[in-house]
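Report on one structure; see the data block that follows.
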Amino acid sequence: MSGSADMIVIGAGLVGSAAAWHCARAGASVLIAEAGHPNIGASGQNAGSLHFQIERRFLENGERLAEEAARITAISRIAIADWAGLETALGEDLHVRRDGGLMVAETAAEVALLERKVAREQAAGLGTRLLDGDEARRIAPYLAEGIAAAGFLADEGHADPRAVTPAFVRAAERAGATLRTETEAVAIARQGGGFAVTLRHTGREETIRAARLLIAAGAWSPQVAMLANLHLPLFPVALTMNATERVAPLLPHLVQHVGRRLSMKQTHAGNILIGGGWPSRLRRGTGGAFDPALRPEPIETSRTENLRAAAATVPAVADMNLLRSWTGVTAITADQLPLVGEVPRMPGLFVAAGGSAFTLGPTFARLVARQMLEQDRAEADEALAMLSPARFEHLNGFMG
């Protein structure tokens, strides 16, 4: 590729590679600049949940945030349709399995919280059903007797995060996009209505000019935005995941808990993946700030409490061997909603980062690509309005 492109995408995770695919197959020349290698960040370290019910993290901080978060179900409805056709569109087996998802409750307070959540989802058009404990166990006989109720959504499930992003990368390259790995963005400047992006690879620098720029670098997105003199209010979060040995088919559903940090599913290989937002400890870099490039330190109580919650919900897990635990870094915003769309203060610069980027990532990518391509722009703008960087525009009021 010469020193220019229609679009530059910074980050070859799920969202970046998928957006590049959409833009390239629409005829745009696209350069993907990846500081490391595709799928080494949160896109490949997550558990692959397809969780379209409102997540517990939106429910544990009061009714106001829960009510605000309920609006994201509009994007969830779109994502349900996007995942349905993804394997066909990419021509690859992504190990997508959608046998339904259960969000369970045990105590009376949890049941009340679950009832409010299901009511919000039904009002927003999701097909969630509220089940009592006996109904839930008829669908999922592996559940503990103490489960008093569950929200069931037939569209939920899981996919393989080790397969999805590489499939998007291959599709983007087939469509004409160029991928440069171990290539770091070191400068971003406005130039002639577009951008001049300086990239460094093996010590050599080259400046590429493009009309559109997408920052999709996950937890590293704020550092990339700083090169353009912009604040992106994204904060790194370190999480813990656990995997059991391979076992016979047991858990066809995605299982979450409304009152505990818990997410469970069984992979196509047979391992039970157990997570749900248990923290690990971010490491600090040489300057003293948290460095998302450094592997987080495990917190032993996170592992043990996560496994305890899993065994209390699905008792059979207590008899399984733990195969491994690992940590990874993602990023969230102050209001917990993702950050997707054009930055108003800098037209032509787009961002897609911050939470739910596996479940909703293909949809984020498709919609932001339409914004970048100016294809059905009004429809894409409307779908992404609640997630727009415009809601944090006041943070850049003094940035020039």
Quiz prompt | Side-chain donor-acceptor pair present, E106, H257, cut-off under 3.5 Å | solution = yes
Quiz item: Cation over ring, R209 on F195, under 6.0 Å and within 45°?
Solution: no
Quiz item: When the ring planes of H95 and H268 are compared, do they come out parallel, tilted or perpendicular, using 30° and 60° as the limits?
Solution: parallel
Practice problem: Answer with yes or no whether the side chains of E55 and S356 bring together a donor and an acceptor at under 3.5 Å. | Solution: yes
Quiz item: Shortest non-hydrogen contact from N242 to S325?
Solution: OD1-OG, 2.5 Å
Self-check item: Co-membership, hydrophobic cluster, residues L14 and L90, 4.5 Å side-chain
Solution: yes
Exercise. Report yes or no: do H51 and E156 form a side-chain donor-acceptor pair below 3.5 Å?
Key: no
Quiz item: Of all heavy-atom pairs between G36 and T181, which one has the smallest distance, and what is that distance?
Solution: O-CB, 3.4 Å
Quiz item: H37 and E182: side chain to side chain donor-acceptor pair (under 3.5 Å), yes or no, with the steps?
Solution: CA-CA 6 Å; H37 293 275; E182 299 182 333; 3.3 Å; yes
Quiz item: Could R308 and E305 be called an ion pair, given the rule that one side-chain N must be under 4.0 Å from one carboxylate O?
Solution: yes
Quiz item: Quick one: do L213 and W220 end up in the same hydrophobic cluster if we chain Ile, Leu, Val, Met, Phe, Trp and Tyr together by side-chain heavy atoms under 4.5 Å apart?
Solution: no
Quiz item: Are the side chains of K265 and R97 in touch, meaning some heavy atoms are under 4.5 Å apart?
Solution: no
